[in-house]
Amino acid sequence: MELVHQVDVFRSTCENLRRTGPVGLVLTMGALHEGHVSLMHLVRKYASNVVTTVFVNPTQFGPNEDLAKYPRDLEHDSRLCREAGVDVLFAPAVNEMYPSGAQTKVRVGELADGLCGAFRPGHFEGVCTVVTKFFAACGPCVAVFGEKDYQQLKVIERVVADLLLPVTVVGAPIVRETDGLAMSSRNRYLSGENRTRALSLSLALKASVQAFNRGERRVAVLEQVAKAELAPADSLEYASIVHGDTLLPYENVVDQSARLLIAVRVGSTRLIDNCSLAEPGF
Ligand code: AMP
């Protein structure tokens, strides 16, 4: 595996790889876990070359968020990438991705305004800007994004379509711990009791899916079922059922495209989770 730190080296490396076959791209912020590794394996189905990035992107963190304490461990990340068969790991410094004087941003419309966008002002602008930069540096590729960050997946699909980028976006299923907790780099912030309370997210998803399976279609009832399970969390940002493609809310009753998205805080840790009500995947 080649470890690269500079944009121009990354660009020429990807160009060379593409001469041998398609390039698959997995973007991460590091502190890698099995969820990230599943993306590396999935992208291999589409591409003979797998490229991964590790970059804690400062512009997607709000002023009171966890940028400073976000876990960074390039040695651990390199090992996981190597074990997963990654060909190139790109780990740039901040000034590589944001040259001095940078003032260009990528902003998506309504799709990025609700849900996490409403609670994290500027978050998706930071995400879309850095992801577009990675796409520009990598060139034509298949890029896999986890459904764990479902709104992000939909927003990136929009960016690629709107900006005519030569990228095929593929969504990957959520990888969970055996007890149901969705894997996340932020799970390491969770100690004993908070780790237990974090299970309320997957329990809320399951409760709402069960109600849906019993035939319940009223959006207010399905959301209320989820919210009741979220009582152990310290605060609820949202538990919203939206259309899985448009992320628009339903008026009264849901259909087969309905997706429940949740964001809560447990202690000071912000956790998100989601699933389709008709095809929950767990
Ligand atoms: P992050 O490092 O948290 O920015 O995530 C990098 C990529 O990994 C994103 O596409 C995430 O959606 C994806 N990802 C993170 N956790 C999981 C998980 N538990 N299952 C599947 N994909 C994940």
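Nothing here was measured: the structure is a model prediction, and the numbers come from that model.
Salt bridge annotation for R195-D179: present, with a cationic side-chain nitrogen under 4.0 angstrom from a carboxylate oxygen. Contact check on R259 versus E147 returns a salt bridge, with a Lys/Arg side-chain nitrogen under 4.0 Å from an Asp/Glu carboxylate oxygen. Between E15 and R19 there is no salt bridge, since no side-chain N of the basic residue sits under 4.0 Å from a carboxylate O of the acidic one.
Checked by atom type and distance alone, the side chain of E125 never pairs as donor or acceptor with a backbone atom of G122 at under 3.5 Å. Judged by distance alone, with hydrogens and angles left aside, the side-chain atoms of E2 form no donor-acceptor pair with the main-chain N or O of V88 at under 3.5 Å. Judged by distance alone, with hydrogens and angles left aside, the side-chain atoms of S257 form no donor-acceptor pair with the main-chain N or O of G244 at under 3.5 Å. Of the possible donor and acceptor atoms, none in the side chain of H41 sits under 3.5 Å from a partner among the backbone N and O of S38. Using a distance-only test at 3.5 Å, with no hydrogens or angles considered, no donor-acceptor pair links the side chain of T20 to the main chain of N16. S185 contributes a side-chain N or O that, together with a main-chain N or O of G30, makes up a donor-acceptor pair within less than 3.5 Å. Side-chain N or O atoms of E279 include none that pairs as donor or acceptor with a backbone N or O of G281 at under 3.5 Å.
Other residues, nucleotides and ligands place no more than 12 heavy atoms under 6.0 Å from the CD atom of E110. Other residues, nucleotides and ligands contribute over 12 non-hydrogen atoms within 6.0 Å of the CZ atom of R72. At most 12 heavy atoms of other shown residues, nucleotides or ligands fall within 6.0 angstrom of atom CD in E34.
Ring-plane geometry between F90 and F10 is classed as parallel, the angle between the planes falling under 30 degrees on a 0 to 90 degree scale with a further cut at 60.
Clustering of Ile, Leu, Val, Met, Phe, Trp and Tyr by side-chain heavy atoms under 4.5 Å joins V43 with M1, L3, V26, L32, V37, L39, M40, L42, Y46, V50, V54, L74, L80, V86, L89, V142, V144, V170. Other members of the hydrophobic cluster containing M29, listed by chain and number, are V56, F61, L67, Y70, Y189; membership follows side-chain contacts under 4.5 Å among ILVMFWY residues, whether direct or relayed. Clustering of Ile, Leu, Val, Met, Phe, Trp and Tyr by side-chain heavy atoms under 4.5 Å joins L164 with none of the others.
Follow the hydrophobic side-chain contacts under 4.5 Å out from V221 and you never reach L236; the two are in separate clusters. There is no path of hydrophobic side-chain contacts, each under 4.5 Å, that joins V108 to L248.
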Could you tabulate the donor-acceptor pairs under 3.5 Å formed by side-chain atoms of residues 260-273, not counting sequence neighbours?
residue	atom	partner	partner atom	Å
R265	NH1	S268	O	3.4
R270	NE	E237	OE1	2.9
R270	NE	E237	OE2	3.4
R270	NH2	E237	OE1	2.8
D273	OD1	R176	NH2	2.9
D273	OD2	R176	NH1	2.9

In residues 153-161, what donor-acceptor pairs under 3.5 Å come from side-chain atoms, sequence neighbours left out?
residue	atom	partner	partner atom	Å
K154	NZ	E157	OE1	3.0
R158	NE	D162	OD1	3.0
R158	NE	D162	OD2	3.4
R158	NH2	D162	OD1	2.7

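Of all heavy-atom pairs spanning A47 and P22, the tightest one is CB-O, 3.4 Å. Across G21 and S48, no two heavy atoms sit closer than the pair CA-OG, 3.4 Å. Minimum interatomic distance between V23 and C14 (heavy atoms only, all atoms of both residues): CG2-O, 4.0 Å.
Taking CG from L25 and CG from N49, the interatomic distance works out to 12.0 Å, rounded to the nearest 0.5 Å. Separation of atoms NE2 (H33) and CG (N187) is listed at 7.0 Å; rounding is to 0.5 Å. Rounding to the nearest 0.5 Å places CD1 of I241 at 5.0 Å from CD of E223. With values rounded to the nearest 0.5 angstrom, H76 atom NE2 is found 9.0 Å from C81 atom SG. With rounding to the nearest 0.5 Å, the separation of OG1 in T129 from CZ in F134 is 12.0 Å. Atom CD of Q151 and atom CG of L115 lie 4.5 Å apart (nearest 0.5 Å).
Test S276, C275, P280 against L205 for side chain to side chain contact (heavy atoms under 4.5 Å, CB included) and you get one pass: C275.
Among pairs with a residue in residues 51-60, those fulfilling side chain to side chain donor-acceptor pair (under 3.5 Å) read N57-T59, N57-Q60, N57-Y98, T59-Y98, at least two apart in sequence or across chains.
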